[in-house]
Protein chains: 2
Amino acid sequence: MARAATTTDAFNAVAEPRRRQILDLLSRGERPVNDLVALLGLPQPLVSKHLRVLRQVGLVAVRDVGRQRVYSLNGEPLKPIHDWVKAYEESWSRRFDRLDVVLEVLQSKEDSHGSDSD
Amino acid sequence: MARAATTTDAFNAVAEPRRRQILDLLSRGERPVNDLVALLGLPQPLVSKHLRVLRQVGLVAVRDVGRQRVYSLNGEPLKPIHDWVKAYEESWSRRFDRLDVVLEVLQSKEDSHGSDSD
DNA sequence: CGATTATATGCCAATATCGGCATATGTCAA
DNA sequence: TTGACATATGCCGATATTGGCATATAATCG
């Protein structure tokens with residue numbers, strides 16, 4: 001085995017920061033590839049490759065306009081991510097409701113287990 | 001280069017479904033490793049390895065209790081994920097506000113570009 | 001047709017993963 | 001001390017990634 005393919009999931013596809021950047025740009029409106037290339041300052045083949053991954057998980061759609069390919073956002077595959085993290089929202093916003101847990105965290109940081117930093 | 005380390009980010013750490021499962025279990029309360037092993041039905045070394053990754057990105061904390069190591073959830077590193085996806089929430093909940101985009105998606109699916117299924 | 005523009009693909013190197021299995025480390029009990 | 005229990009680590013194989021560079025494919029223009 002190995003790590004799951006980046007095209008398995010939105011989870012996996014979006015773990016790559018550049019792909020998140022691309023989505024962020026597209027959220028402002030559709031763009032042809034070369035626009036993205038210019039905005040990102042990355043080599044064109046690399047951008048095309050990232051777009052391919054995003055296409056395969058359905059996060060972007062393409063449309064042909066002359067010799068350009070215009071990419072647009074399709075956020076729906078992000079919903080599972082949203083749904084999943086949303087359940088944890090309280091764990092940081094109301095995190096002092098469970099002081100015991102906080103204390104445990106602090107305690108384990110002071111303890112002697114190689115300080116779990118690795 | 002290669003793919004970013006799983007320990008780089010919460011984004012990367014959480015791309016692995018088993019690690020999400022572990023967090024889901026811990027969200028119900030802290031647990032020693034063997035509890036998780038039993039609940040997940042996975043080999044113990046594998047669980048320990050996943051826990052290590054989660055520890056390295058700060059998603060879990062450990063506490064020693066006798067010869068057991070009790071793991072607990074720390075959701076805070078998930079906040080960046082939440083913040084990021086949240087911005088896209090409208091793109092699926094209000095997705096018919098931009099009918100043009102929807103039409104483009106449909107159109108590109110009918111078009112002849114190898115149907116972007118790959 | 002040939003040239004140019006726009007984008008996608010192919011191949012390569014380097015890397016780090018996940019899972020399997022064996023084993024090290026650590027802790028408590030007799 | 002010896003042993004049993006709980007957990008972590010080490011090494012291995014197989015795989016797939018990201019980025020680089022060259023090149024293929026596609027479409028438009030003269």
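Throughout, protein chains are lettered first and strands after them, A, B, ... in sequence-line order, and every chain is numbered starting at 1.
A:N74 and B:W92 share no side-chain donor-acceptor pair at under 3.5 Å. No side-chain donor-acceptor contact under 3.5 Å links B:Y71 and B:D35. Between the side chains of A:H50 and A:R18, no donor N or O sits under 3.5 Å from an acceptor N or O.
Here the side chains of A:L59 and A:P77 are in contact, with some heavy-atom distance below 4.5 Å. Here the side chains of B:L51 and B:L36 are in contact, with some heavy-atom distance below 4.5 Å. Residues B:V70 and B:V62 fail the side-chain proximity criterion, which asks for heavy atoms closer than 4.5 Å.
Rounded to whole Å, the distance from CD on A:Q56 to P on D:dT17 is 9 Å. Separating the CZ atom of B:R52 from the C1' atom of C:dT25 is a distance of 14 Å, rounded to the nearest angstrom. Regarding A:D9, its CG atom lies at a distance of 13 Å from the P atom of C:dC18, rounded to whole Å. Computed from coordinates, the B:Y71 OH to D:dA6 P distance equals 15 Å when rounded to whole Å. If you take CZ of A:R63 and P of D:dA27, they are 16 Å apart, rounded to a whole angstrom. Distance, B:R3 CZ to D:dG19 P: 12 Å, rounded to whole Å. D:dC29 atom P lies 12 Å from atom CD of A:Q68, rounded to whole Å. Rounded to an integer number of Å, the gap from B:H50 NE2 to C:dA16 P is 18 Å.
Listed pair A:R69 / C:dA8 meets the phosphate criterion, a side-chain N or O lying under 4.0 Å from OP1 or OP2.
Contacts with DNA chain D (heavy atom under 4.0 Å) in residues 32-49 of chain A: A:P43, A:P45, A:L46, A:K49, listed by number. Using a 4.0 Å cutoff on non-hydrogen atoms, the parts of residues 10-18 of chain A near DNA chain D are A:E16, A:R18, ordered by number.
Across C:dT15, C:dT4, C:dG26, the shortest atom-to-atom separation from the side chain of A:R67 is found for C:dT4.
Taking the nucleotide of DNA chain D with the nearest heavy atom to each of A:R19 and A:V65, the more 5' of the two is matched to A:R19. With DNA chain C read from its 5' end, the first of the two nearest nucleotides for A:V70 and B:T6 is the one closest to A:V70.
A salt bridge links A:E30 and A:R63; the closest N-O separation between the charged side-chain nitrogens and carboxylate oxygens is under 4.0 Å.
Although no hydrogens or angles enter the test, the distance criterion places no donor-acceptor pair under 3.5 Å between the side chain of A:Y88 and the main chain of B:S27.
Remark: A:R20 qualifies as a cation-pi partner of B:F11 under the 6.0 Å distance and 45° angle criteria applied to the six-membered ring.
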